[in-house]
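Chain naming here is simple, since letters A, B, ... match the order of the sequence lines and numbering starts at 1 in each. Bear in mind the structure is a predicted one, so any value in this text is a computation, not a measurement.
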Number of protein chains: 2
Amino acid sequence: MSNEQAMQQYDVKKYVTPDGYTADIAVFTILSTKADMFKPPVMDLHIMLIKRSMTDSEGRPNIEAGKWALPGGFVAHTETAFQSAARELKEETGVENIHLEHFGVYDTPGRDPRGWIISNAHYAIVPEYQLSGRQANDDASEVELFSVKEVLNLDLAFDHARIIEDAIAVIRQKLLETTAAKAFLPEEFTYSELQAVLLTVTDDSAIALDAAFARKIKTLPFIQEISGKKTTRTSKKPTQLYRFVDVKVNHSLYHTRKQG
Amino acid sequence: MSNEQAMQQYDVKKYVTPDGYTADIAVFTILSTKADMFKPPVMDLHIMLIKRSMTDSEGRPNIEAGKWALPGGFVAHTETAFQSAARELKEETGVENIHLEHFGVYDTPGRDPRGWIISNAHYAIVPEYQLSGRQANDDASEVELFSVKEVLNLDLAFDHARIIEDAIAVIRQKLLETTAAKAFLPEEFTYSELQAVLLTVTDDSAIALDAAFARKIKTLPFIQEISGKKTTRTSKKPTQLYRFVDVKVNHSLYHTRKQG
DNA sequence: TTAATAGTGTCTCTGAGACACTATCGT
DNA sequence: ACGATAGTGTCTCAGAGACACTATTAA
């Protein structure tokens with residue numbers, strides 16, 4: 001029995017089907033709130049939101065108008081949600097070639113007043129300088145960065161409060177348990193710059209104490225000292241530069257071996 | 001501008017929408033391939049598949065008929081994919097109250113010959129004894145367990161080869177990096193039983209060597225010795241029993257602290 | 001007594017964590 | 001010289017990994 005025969009009898013319209021399939025993107029960036037000469041940075045994790053226009057591109061009243069929301073949009077049937085996320089991010093912000101990852105599906109009945117609409121949530125990690133050219137497009141009247149400390153106080157569209165909450169938990173975990181911090185940093189960075197990134201999501205003393213962290217960074221298998229290369233951008237005393245190297249990091253609960 | 005006004009002008013039928021939304025479940029179980037008296041077990045990780053019927057419930061030729069596939073089915077618009085996975089698993093296998101988790105979305109255009117069909121993949125962890133009552137339902141002509149070592153040699157329906165490959169990678173990671181092994185074990189277990197579970201997905205010497213692992217298990221913060229309680233089911237010498245305890249396990253790359 | 005499993009004794013090595021101390025530079 | 005950042009010296013302690021050794025039981 002071939003699929004061709006089966007297909008002749010299959011009627012795709014017979015069943016209740018979703019009314020839409022969307023991709024939303026939580027774009028994270030880190031802003032240096034203090035960046036004086038010869039000072040280590042102080043950083044704050046931010047998320048980029050858009051303010052939904054009062055009217056849509058055809059001039060009709062918009063759903064959830066005036067509320068803050070994650071950028072995103074409908075997935076075309078010729079692409080995956082992941083591709084759609086990358087495309088929409090590029091269209092809406094001009095940002096491309098960045099770390100983008102799927103982290104969740106939001107399909108609770110009633111989450112969108114327009115009907116049965118399934119959303120795939122992604123997060124993106126973008127260094128500050130890449131967002132300089134951002135601007136609002138047709139469906140958005142404003143684009144703005146909010147500190148993750150206050151973003152949940154906003155009036156958010158749909159179930160985006162929930163999605164953003166999850167996204168923050170995910171990025172926190174990724175920053176601490178993977179080498180994702182790399183995406184927030186320049187190629188070559190000092191221990192205090194990596195430390196500042198990590199301090200946006202934790203206050204653990206092993207990271208917060210300078211002496212401890214300066215020593216620790218030398219033992220991390222995925223970070224390499226760039227021998228002889230130093231900078232004075234964070235202090236008057238020239239500071240050692242490091243870079244990430246691609247090694248598989250195995251952190252099983254049951255053994256601490258570097259890797260095999 | 002209220003959502004009510006916007007909704008009056010919104011036509012849900014205006015856009016191309018998905019033709020279906022499904023949930024698939026990779027049900028994992030561990031079979032003891034050696035379970036003699038006074039012997040530690042030897043285990044093998046298995047995945048449960050169904051063989052797709054030649055005809056559907058209404059007697060017409062079925063899509064991907066005769067091929068092996070993950071159990072699953074269409075999500076109703078009154079439920080989430082996750083709820084659907086739990087429901088279908090219960091309907092198809094009688095199994096409930098188990099560890100079930102979403103791990104991926106499969107939406108590549110063309111993945112299903114019936115049209116634009118999005119699948120949410122889940123994995124389930126089921127102790128061997130819970131699968132004893134399994135039986136094929138209408139859409140399936142057979143239900144069978146396959147070792148993960150050979151399952152990819154089968155003729156698999158749709159893109160299930162890819163999904164299964166991903167599921168195996170996910171469960172491997174979950175077993176080693178979280179306390180998921182708990183779901184394969186009885187409440188009280190010996191070090192060699194936990195060891196046997198882990199050896200289904202790794203051959204690392206720190207786990208494979210008895211003396212090393214017997215010592216290691218005592219230092220794991222999420223495992224507790226049941227003081228004074230022993231069993232002889234794995235050896236003639238009475239063996240210490242352990243249980244999992246619920247503690248938050250923090251395994252950041254940047255510090256090894258137990259937790260705060 | 002033997003075979004099999006479940007441990008323990010002891011050694012060496014690495015790294016964590018704490019705290020005091022030194023190093024380097026612009027101003 | 002001072003202030004600020006970036007380290008190092010040194011101690012103690014826990015645990016990893018290796019290997020030899022002991023312990024307990026059924027048969």
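- The CD1-P distance, from B:Ile207 to D:dG17, rounds to 10 Å in whole Å.
- When rounded to the nearest whole Å, the span between CD1 of A:Ile217 and P of C:dG17 equals 16 Å.
- Comment: B:Lys174 engages B:Glu101 in a salt bridge, judged by a side-chain N to carboxylate O separation of less than 4.0 angstrom.
- Environment of CD in B:Glu150: crowded, with over 12 heavy atoms of neighbouring residues, nucleotides or ligands closer than 6.0 Å.
- Residues A:Tyr254 and B:Leu220 form a side-chain contact, since some pair of their non-hydrogen atoms from C-beta on lies under 4.5 Å apart.
- At a cut-off of 3.5 Å, with distance as the only test, no side-chain donor of A:His122 or A:Asp24 sits close to an acceptor on the other residue.
- Atom CG in B:Asp36 sits about 21 Å away from atom P in D:dT25, given to the nearest Å.
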Q.
What does the B/S/- profile of nucleotides 3-12 of chain C look like, 5' to 3', with a 4.0 Å heavy-atom cutoff to protein?
A. -SSBSBBB--

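- Spacing between atom OH of B:Tyr254 and atom C1' of C:dG15 amounts to 18 Å, rounded to whole angstrom units.
- The distance between atom CG of B:Leu209 and atom C1' of D:dA18, rounded to the nearest whole Å, is 9 Å.
- Evaluation of the ring pair (Phe, Tyr, Trp, His ring centres under 6.0 Å) test over residues 171-216 of chain B, restricted to residues two or more places apart or in two chains, returns B:Phe189-B:Phe244.
- Heavy-atom contacts from other residues, nucleotides or ligands closer than 6.0 Å to CZ of B:Arg233 number more than 12.
- The CZ-P distance, from A:Phe213 to C:dG17, rounds to 12 Å in whole Å.
- To the nearest angstrom, P of D:dA6 lies 15 Å from CD of A:Glu225.
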